[in-house]
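Here is the naming used below: chain letters follow the sequence lines, and residue numbers restart at 1 for every chain. It should be emphasised that the depicted structure is a prediction, and the values quoted were computed from it without experimental measurement.
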Amino acid sequence: MKPPRFDYVRVESIEQAVELLAQHGDEARVIAGGQSLMPMLNMRLVRPQVLIDIAKAAELSGIKANGKAVSIAAATTQNALLRWQGLRAHLPLLAQALPHIGHFQTRNRGTVGGSLCHADPSSELPLCLALLEGVVELRSRRGTRRLAARDFQVGVLTTAKQADELATRIHFPKAPEDAVFAFKEFHRRHGDFAVVALAAMRCGNAVRLAVGGVGDRPEVRSWCGLQGSAIDDALNEFAWQLGGSDDIHATARYRRELVRHMGRLAIAETAP
Amino acid sequence: MNLLESNIRHLVRFTLNGAQVEGYAEPRLLLTDFLRHELGATGTHVGCEHGVCGACTILLDGRAVRSCLMLAVQVEGAAIETIEGLAQEDGGFSPLQQAFHENFALQCGYCTPGILMSMTEYLRDNPNPTKKEVRVALSGNLCRCTGYHEIVNAILDAAKALREEDGASS
Ligand SMILES: Cc1cc2nc3c(=O)[nH]c(=O)nc-3n(C[C@@H](O)[C@H](O)[C@H](O)COP(=O)(O)OP(=O)(O)OC[C@H]3O[C@@H](n4cnc5c(N)ncnc54)[C@H](O)[C@@H]3O)c2cc1C
Ligand code: FES
Ligand code: FES
């Protein structure tokens, strides 16, 4: 379990990274925290010619809160975000979800942008991005584009990011004053990937629910004025639409049952 | 910005437990292998090489990280701490090591270096954890021998000893 050969470059700026990506395209890989990429290199599931290390580029790390959004530089570590003073006030959902990403040792290296670019269907950050309708900013020599979560997230380990694009910033809308959030995750052991993860947000009588770990990417539904058995019906319909598949962790049927059960708990937790 | 070619061994320098060290590494060489084979610091253990078991955990600039998920070339200029640097200057156990010794918190000892390095950061940030919090914090370190009870007890004891040490010195 040792990585294959590759050239290695540690970049100091976005520009350097973008330039290298333009030169090497498909042959290059960005390494941020390496918490997903290094295992894949060790198992030789990927064989890049060039590794572009962005972890030390100062402009790719840091958090800014402006008027309506929190803008997080892509290589900000998950633990740096967790320690950010403004987290509880502006992104209370992330304050609940982040501790579930792996272990504190992996969060010390793993980055916000890396998790979103890796796009594991069970991951917490992609789930939060989908629920909160966040935006991913991508840069290449061709220019800058900002993709909404539903355009960025394509499928299992797949995003709309092209091989020459670098994720530079992630924008999360600040939580509205009247919003109430709930986060639920079922896993075998703390720190394992979720079998199913759910995030719910309520504003008044409008409820949004995002589910990860069942479909190929996080899926979101919104309802207004749901009550009593209508909640069960809505969750049942959502679960069937998600489908899901069997793997060593759980069957599709079990996953759908988790959506019904945990969905009910999450929605109840947000109720006034 | 400097491209390090794949088939050449490059000079890597950093501090290991306070002392300046150097060696040569191809870009693909894992930090674990650099520590163990280049520098002979075999206290850092290797279990899974994909981040799951925690045996290889070290401190990088004061934070616990998996050395199997890092390349040697990535730590150029960094401050690394490993199990070899944990004991006190006179060679005596640190409070964390002492607590593991007293609580029978190791059997084969394979997982121990990773746990001690992890808990060094954890107890610095969380001087007074509950049993439940310690269990969550330990989720990133697998132990095949002890069943964890003794490890949890040792960490709670170490936390207490460190608080008393802190109280005495301030
Ligand atoms: C033991 C263990 C448990 C884990 N448990 C969980 C878990 O429960 N939940 C979870 O969500 N994750 C989990 N992870 C993975 C998580 O830790 C990673 O941090 C995350 O998936 C990837 O982030 P990274 O910064 O490490 O990215 P890397 O591994 O460096 O990169 C991942 C991918 O994204 C690309 N990439 C990274 N940054 C950029 C960028 N700025 N622009 C363009 N491309 C980029 C890389 O090229 C690569 O393809 C776990 C990992 C381990 C080792
Ligand atoms: S050897 Fe690094 S985590 Fe298992
Ligand atoms: S003491 Fe043997 S693995 Fe923990």
Side-chain angles (χ1 to χ4, degrees), chain A residues 1-13 15-17 19-20 23-24 28 31 33-45 47-57 77 79-80 82-83 99-110 187-193, chain B residues 1-8 10 12 25-33 46-54 56-78 114-115 117-119 121-122 125-126 132-133 135-142:
Chain A
M1 289 246 309
K2 309 292 177 193
R5 287 209 162 93
F6 45 74
D7 295 339
Y8 169 89
V9 196
R10 185 201 269 189
V11 297
E12 274 129 44
S13 68
E15 204 187 320
Q16 287 176 351
E19 207 42 49
L20 285 164
Q23 271 171 38
H24 299 280
I31 180 165
Q35 302 302 291
S36 295
L37 187 59
M38 284 302 303
M40 293 200 297
L41 285 169
N42 283 353
M43 293 186 250
R44 304 203 173 189
L45 297 172
R47 294 169 171 271
Q49 298 295 309
V50 186
L51 216 54
I52 304 172
D53 189 346
I54 61 168
K56 289 268 171 124
T77 65
N79 263 350
L82 202 47
R83 282 192 297 266
H100 291 274
I101 307 178
H103 315 283
F104 74 92
Q105 300 95 329
T106 67
R107 293 192 297 271
N108 277 339
R109 294 284 304 162
H187 45 218
R188 304 258 166 222
R189 204 171 55 110
H190 186 94
D192 284 1
F193 274 98
Chain B
M1 187 179 73
N2 194 3
L3 186 136
L4 306 182
E5 279 177 43
S6 64
N7 51 357
I8 299 176
H10 304 272
V12 179
E26 280 184 8
R28 65 166 169 161
L29 188 70
L30 300 179
L31 179 57
T32 29
D33 291 332
V46 188
C48 66
E49 288 188 334
H50 60 277
V52 176
C53 74
C56 69
T57 308
I58 57 157
L59 298 186
L60 166 70
D61 296 326
R63 300 255 170 229
V65 302
R66 306 297 203 218
S67 61
C68 72
L69 300 186
M70 289 200 72
L71 303 165
V73 291
Q74 287 185 293
V75 301
E76 169 72 36
I115 294 184
M117 297 321 285
S118 296
M119 291 304 126
E121 179 195 339
Y122 181 74
D125 292 352
N126 305 275
K132 195 166 168 225
E133 287 164 351
R135 286 189 169 278
V136 170
L138 266 179
S139 70
N141 294 87
L142 299 183

- Item | Atom CD of A:Q16 with >12 non-hydrogen neighbours under 6.0 angstrom | yes

- Message: With a 4.5 Å cut-off on side-chain heavy atoms, are B:E5 and A:D7 touching?
- Response: yes

- Given the options A:G33, A:P39, A:A55, which has more heavy-atom pairs under 4.5 Å with chain B than any of the others? A:P39

- Task: Using non-hydrogen atoms and a 4.5 Å limit, figure out which bit of B:E26 sits close to chain A: side chain, backbone, both or neither.
- Result: side chain

- Determine yes or no for a side-chain-to-main-chain donor-acceptor pair under 3.5 angstrom, with A:R10 supplying the side chain and B:Q74 the backbone. yes

- Note on the structure: All heavy atoms of B:L30 vs all of A:N42, minimum pair found to be CD2-OD1, 3.5 Å

- With a 4.5 angstrom heavy-atom cut-off, could you sort out which part of B:L60 is near chain A: side chain, backbone, both or neither? side chain

- Engaged part of B:N141 at the chain A interface, taking heavy atoms whose separation is under 4.5 Å: side chain

- Message: Contact between A:L51 and B:L71 at the side-chain level, heavy atoms closer than 4.5 Å - yes or no?
- Response: yes

- Query: Mind checking whether A:L20 and B:M1 have side chains closer than 4.5 Å, heavy atoms only?
  - Reply: yes

- Message: Which one wins on heavy-atom pair count under 4.5 Å against chain A: B:R135, B:R28, B:H50?
- Response: B:R28

- Item | Proximal component of A:M40, with respect to chain B [non-hydrogen, under 4.5 Å] | neither

- Note on the structure: Okay, A:P4 and chain B: the region with an atom under 4.5 Å from a heavy atom over there is backbone

- Note on the structure: Counting heavy-atom pairs under 4.5 angstrom with chain B, the leader among A:D53, A:V50, A:V11, A:D192 is A:D53

- CD (A:Q105) and CD1 (B:I58) are apart, to the nearest 0.5 Å, by 12.0 Å

- Separation of A:M38 CE from B:L31 CG (nearest 0.5 Å): 9.5 Å

- Tell me, out of A:R5, A:E12, A:H190, who's got the most heavy-atom pairs with chain B below 4.5 Å. A:R5

- Message: Can you tell me which portion of A:Q35 sits under 4.5 Å from chain B's heavy atoms? Options are side chain, backbone, both or neither.
- Response: both

- Message: Which one wins on heavy-atom pair count under 4.5 Å against chain A: B:G51, B:A137, B:C48?
- Response: B:A137

- Query: With side chains defined as the heavy atoms from C-beta onward, is the minimum distance between B:E121 and A:F104 less than 4.5 Å?
  - Reply: yes

- Could you check which of A:K56, A:M43, A:R189, A:Q49 has the highest count of heavy-atom pairs closer than 4.5 Å to chain B? A:R189

- Message: Checking the side chain of A:R109 only, and the main-chain atoms of B:R66 only, is there a donor and an acceptor separated by less than 3.5 Å?
- Response: no

- Query: So what's closer than 4.5 Å to chain A heavy atoms on B:L69: side chain, backbone, both or neither?
  - Reply: both

- Message: Counting only non-hydrogen atoms closer than 4.5 Å, does A:I31 touch chain B with its backbone (N, CA, C, O), its side chain (CB onward), both, or neither?
- Response: side chain

- Message: Is it the case that the side chain of A:N108 and the backbone of B:R63 share a donor-acceptor pair, with hydrogens and angles ignored and the cut-off at 3.5 Å?
- Response: no

- With side chains defined as the heavy atoms from C-beta onward, is the minimum distance between B:T57 and A:H103 less than 4.5 Å? no

